[in-house]
Amino acid sequence: MANQTTPAKTAITPRRDEDFPEWYQQVIRAAEMAEPSDVRGCMVIRPWGYGIWENMQHQLDAMFRATGHRNAYFPLFIPLSYMAKEAAHVEGFAKECAVVTHSRLEVDAEGKLVPASPLTEPLVIRPTSETIIGASYAKWVQSYRDLPILINQWCNVVRWEMRPRIFLRTTEFLWQEGHTVHETEEEARAETKQMLDVYETFVRDHLAIPVFSGEKSESERFPGAVQTLCLEAMVQDRKAIQAGTSHFLGQNFARASGIQFHSRAGTQEFGWTTSWGMSTRLIGTVIMAHADDDGLVLPPRIAPTHVVILPITPKEETRAQVLAAADKLAGELRALNFFGAPIEVEVDRRDLGGGLKNWEWIKKGVPLRVELGPRDLESGNVAVSRRDQPVKAKELVPMAELAGRAVALLESIQENLLARAKQLRDKHTRVIDSKEEFYRFFTPENSAKPEIHGGFALAHWNGTGEVEEQIKKDLKVTIRCIPFDDSQNPPEPGVCPFSGQPSARRVVWAKSY
RNA sequence: CGGGGUGUAGCUUAGCUUGGUAGAGCGCCUGGUUUGGGACCAGGAGGUCGCAGGUUCAAAUCCUGUCACCCCGACCA
């Protein structure tokens, strides 16, 4: 009996329903995506995690280019005085800025390295780049003919967070920030909405995560913005997570940075600016949206490897044959195009137990696993397992047909993950009209160790910050977004259950990350 | 930054109340047996018990401080 080595029921312990935050960390570790570093709040992104990020980057970048944007790069350091230019902006970020105050190290009398040469003006490490990019734009913009300016930058930013969590909230993180200047308010507003739509398409079609899109209430708005648009996704513990934001900045930052131009009418006008961003946090969102108790589950479109071929070589005499067949199959698959790029195939020829190898790839979330052994050579079949299906499930596919079906299989997984996520979200999105029901919805039965509960509540709201504040205080629930008025979410006047006052439309309430 | 908890080998941990020179499982290395499923046998490497003080003949164990991490709050992509 092999009692001691009996496999755990699930590859990840604890399970999601036992301890969701701990499960999340274990998935990241088991998939070798990232790990904590010696620097507090900062993470090391390992190749598997970084490969996912690179795919996200390339795909979004293509979408930015297609909408007329170009990449550029601005400094990491922002002069302290720049930060002070926009009042609300300073207030929003001051508490989480890392500040560089010295320019060299010296050995002191005790032989210890100490900072020396204080800077005349301290430099802030960018928490975001509105101010320093604004300074450049102020120089570049003279006339309406210079507009619009449509620039994006991929970079790291630093926000000194109190409670870091890998991918979700780290002190340093990677992101993309778009910064645009427009001649008119309408144009800038259209840009803000357009980029939100780009994000929504990306998150839904590439990451297989459905979202609510809408506007933030005043209390949740980006510091200095006139309007903040957002996407809100539901993950498997039914909390909301923001999956991208787009800000209409009005003329606030243009005034602060002096972005002015001669208009068609010959007058001097301030530009209308926008900014929009998404970050490595989306990797955490993908994990929490799709991963299961056996590890990561990757939407094929962002998987660093789409197909892993597992050669089974029980007998030395058939080994070479099996490996050759595996390589041949890999070659056929690599010639295929999935979603604009070659299918990424890995042949795992490591001399490990078959089960061990298999589990590694399950934990990494590779969409398709293909087992190929001597018996398959004879029968002409391979066993194909989909990561969106139970681990033991496999389908025998004639080897000659696999290449013909691979793309469809990947597409099917992609669709299934989206459908599954949508189902989860819809199941836990509830229209609520009474305060009692609302409070019940968001209150766990076991307060000592809260079980997974709640979800999204669609409830009326009188539009005041007081109601928001009260509910946040009572339940830790906030307005995640005020949906746009469109055919999908038509406005529906009603009564705010918290104040009894009239409400123009339902808004989305949830606990959030 | 407040409240709670935890720090012992790469990971999970026993030992701590009742001080007496550090134990296990997984993983790792070597050899062998295996091989359609997270294999088995034998041997082996790996720990200044988070760190710094203190009490003591003696500290993983008691005391003080400190750091890190986790959970809950305040803040946020």
Side-chain angles (χ1 to χ4, degrees), chain A residues 1-11 13-14 19-22 24-26 29-30 35-41 91-96 127-128 156-177 199 216 219-223 228 230-232 241-247 275-285 294-295 310-316 318-319 322 351-363 369 371-377 379 381-383 385 391-392 394 396 447-450 472-473 476 478 512-513:
Chain A
M1 289 296 283
N3 284 336
Q4 309 249 312
T5 54
T6 299
K9 255 191 190 146
T10 56
T13 8
D19 186 344
F20 196 83
E22 182 60 24
Y24 171 79
Q25 310 216 105
Q26 293 305 328
R29 190 161 67 177
E35 60 193 28
S37 77
D38 291 342
V39 184
R40 188 194 139 77
E91 206 191 316
F93 285 108
K95 284 164 291 181
E96 48 191 56
T128 179
N156 57 343
V157 286
V158 167
R159 295 181 188 176
W160 213 265
E161 295 292 346
M162 300 174 201
R163 264 183 67 190
R165 254 183 110 190
I166 224 159
F167 287 127
L168 296 178
R169 195 193 295 108
T170 46
T171 298
E172 178 190 14
F173 58 95
L174 306 183
W175 80 345
Q176 141 291 300
E177 49 180 326
Y199 288 144
K216 282 293 188 197
S219 63
E220 300 268 331
R221 209 174 278 159
F222 176 77
T228 288
C230 64
L231 303 178
E232 293 287 329
I241 185 164
Q242 185 167 300
T245 47
S246 186
H247 314 290
S275 69
W276 26 275
M278 67 116 242
S279 71
T280 36
R281 188 182 219 199
L282 266 190
I283 298 175
T285 306
D294 290 315
L310 299 159
I312 296 153
T313 55
K315 297 185 190 100
E316 198 49 49
T318 50
R319 187 185 171 81
V322 170
D351 191 18
L352 289 176
L356 197 62
K357 275 201 273 195
N358 200 11
W359 278 102
E360 270 186 34
W361 294 107
I362 290 167
K363 288 186 281 194
R369 306 188 304 282
E371 299 173 3
L372 198 172
R375 275 195 250 144
D376 302 312
L377 289 184
S379 70
N381 289 323
V382 289
S385 302
V391 162
K392 294 260 165 66
K394 39 178 118 166
L396 288 178
S447 58
K449 192 178 185 305
K472 184 172 182 181
K473 198 168 140 260
K476 292 170 234 157
T478 50
S512 76
Y513 277 95

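Residue numbering restarts at 1 for every chain, and letters A, B, ... go by the order of the sequence lines. All values below come from the heavy atoms of this structure, side chains included, with hydrogens, waters and symmetry mates left out.
For C75(B), one of the phosphate oxygens OP1 or OP2 lies less than 4.0 angstrom from a side-chain nitrogen or oxygen of Lys472(A).
Spacing between atom CZ of Arg319(A) and atom C1' of U34(B) amounts to 14 Å, rounded to whole angstrom units. Here G36(B) presents its C1' atom at 13 Å from CZ of Arg369(A), a figure rounded to the nearest Å. Per the geometry, CD belonging to Glu22(A) stands 11 Å off C1' belonging to U12(B), to the nearest Å. Atom pair Leu396(A):CG and G36(B):C1' shows a separation of 11 Å (rounding to whole Å applied). Rounded to whole Å, atom P of C1(B) lies 12 Å from atom CH2 of Trp160(A). To the nearest angstrom, P of C26(B) lies 14 Å from CG of Leu356(A). Between the P atom of G2(B) and the NZ atom of Lys95(A) lies a distance of 17 Å, rounded to the nearest Å. The CD atom of Gln25(A) sits 9 Å away from the C1' atom of C69(B) (whole-angstrom rounding).
Place Pro223(A) and Arg165(A) on RNA chain B by their nearest nucleotides, and Arg165(A) ends up nearer the 5' end. Nearer the 5' end of RNA chain B, as judged by each residue's closest nucleotide, is the contact made by Gly41(A), out of Arg169(A) and Gly41(A).
No engagement by Gly277(A) is indicated, since no non-hydrogen atom pair under 4.0 Å with the nucleic acid exists. Within 4.0 Å (heavy atoms only), Ser379(A) reaches no atom of the nucleic acid at all. Within 4.0 Å (heavy atoms only), Ile362(A) reaches no atom of the nucleic acid at all. Using a 4.0 Å heavy-atom criterion, one finds that Thr245(A) contacts no nucleic acid atom at all. At a threshold of 4.0 angstrom between heavy atoms, the contacts of Pro36(A) with the nucleic acid are absent. Here Arg29(A) lies in heavy-atom contact (under 4.0 Å) with sugar-phosphate atoms only. If you check every strand for non-hydrogen atoms under 4.0 Å, Ile312(A) touches a base.
For the P atoms, the distance from G7(B) to C63(B) is 14 Å, rounded to whole Å. For the P atoms, the distance linking C69(B) with U8(B) amounts to 14 Å, nearest Å. Comparing A24(B) with U34(B), their C1' atoms are spaced 26 Å from each other, to the whole Å. For A68(B) and G25(B), the P atoms lie 34 Å apart once the distance is rounded to whole Å. Across the C1' atoms, C1(B) and A74(B) are found 8 Å apart, a figure rounded to whole Å. Using atom P as the reference point in both G46(B) and G10(B), the two lie 12 Å apart (nearest Å). Atom name C1', nucleotides A45(B) and G50(B): the rounded distance is 24 Å, in whole Å. Between C26(B) and C40(B), the two P atoms lie 8 Å apart (nearest whole Å).
For Arg369(A) and Glu360(A), the salt-bridge test fails: no basic side-chain N is under 4.0 Å from an acidic carboxylate O.
For Pro374(A), the listed nucleotide lying nearest its side chain is G36(B); candidates were G73(B), G36(B), C70(B). The Arg281(A) side chain lies nearest to C76(B) when the options are C71(B), G38(B), C76(B). Looking at the side chain of Lys363(A), the nearest of the listed nucleotides G73(B), C70(B), G38(B) is G38(B). Out of G38(B), G36(B), C75(B), the shortest distance to the side chain of Arg375(A) is found at G36(B). Distance from the side chain of Pro314(A) is smallest for U35(B) among the nucleotides U35(B), A77(B), C71(B). Comparing C71(B), C72(B), G38(B) by their closest approach to the side chain of Pro21(A) singles out C71(B).
You'll find the side chain of Gln242(A) stays beyond 4.5 Å of the side chain of Glu220(A), heavy atoms only. At least one side-chain heavy atom of Thr128(A) sits less than 4.5 Å from a side-chain heavy atom of Trp175(A). Inter-residue side-chain proximity for Arg375(A) and Ile312(A) is flagged as unmet; no heavy-atom pair is nearer than 4.5 Å. At least one side-chain heavy atom of Met278(A) sits under 4.5 Å from a side-chain heavy atom of Gln176(A).
Tyr199(A) and Trp276(A) have perpendicular rings, their planes meeting at more than 60° on a 0 to 90° scale where under 30° would count as parallel.
Across every strand in view, A9(B) sits unpaired, with no contact that passes the Watson-Crick or G-U test at under 3.5 angstrom. Figure legend. G73(B) is base-paired to C1(B); pairs are counted as Watson-Crick or G-U wobble with both atom distances under 3.5 Å. Across every strand in view, G19(B) sits unpaired, with no contact that passes the Watson-Crick or G-U test at under 3.5 angstrom. Look at A58(B): it lacks any Watson-Crick or wobble partner with both distances under 3.5 angstrom. In this structure, G65(B) forms a base pair with C51(B), meeting either the Watson-Crick or the G-U wobble geometry with both donor-acceptor distances under 3.5 Å. Pair assignment for G31(B) gives C41(B), based on Watson-Crick or G-U wobble hydrogen-bonding distances that are each under 3.5 Å.
Checked by atom type and distance alone, the side chain of Arg281(A) pairs as donor or acceptor with a backbone atom of Leu168(A) at under 3.5 Å.
A77(B) has Phe173(A) stacked on its base ring, the centres lying under 5.5 angstrom apart and the planes within 30 degrees of parallel.
On a pure distance criterion of 3.5 Å, no polar donor-acceptor pair joins the side chain of Arg159(A) and the base of C76(B).
Counting all heavy atoms, side chain and backbone alike, Ser385(A) lies closest to Lys394(A) at OG-CB, 3.5 Å.
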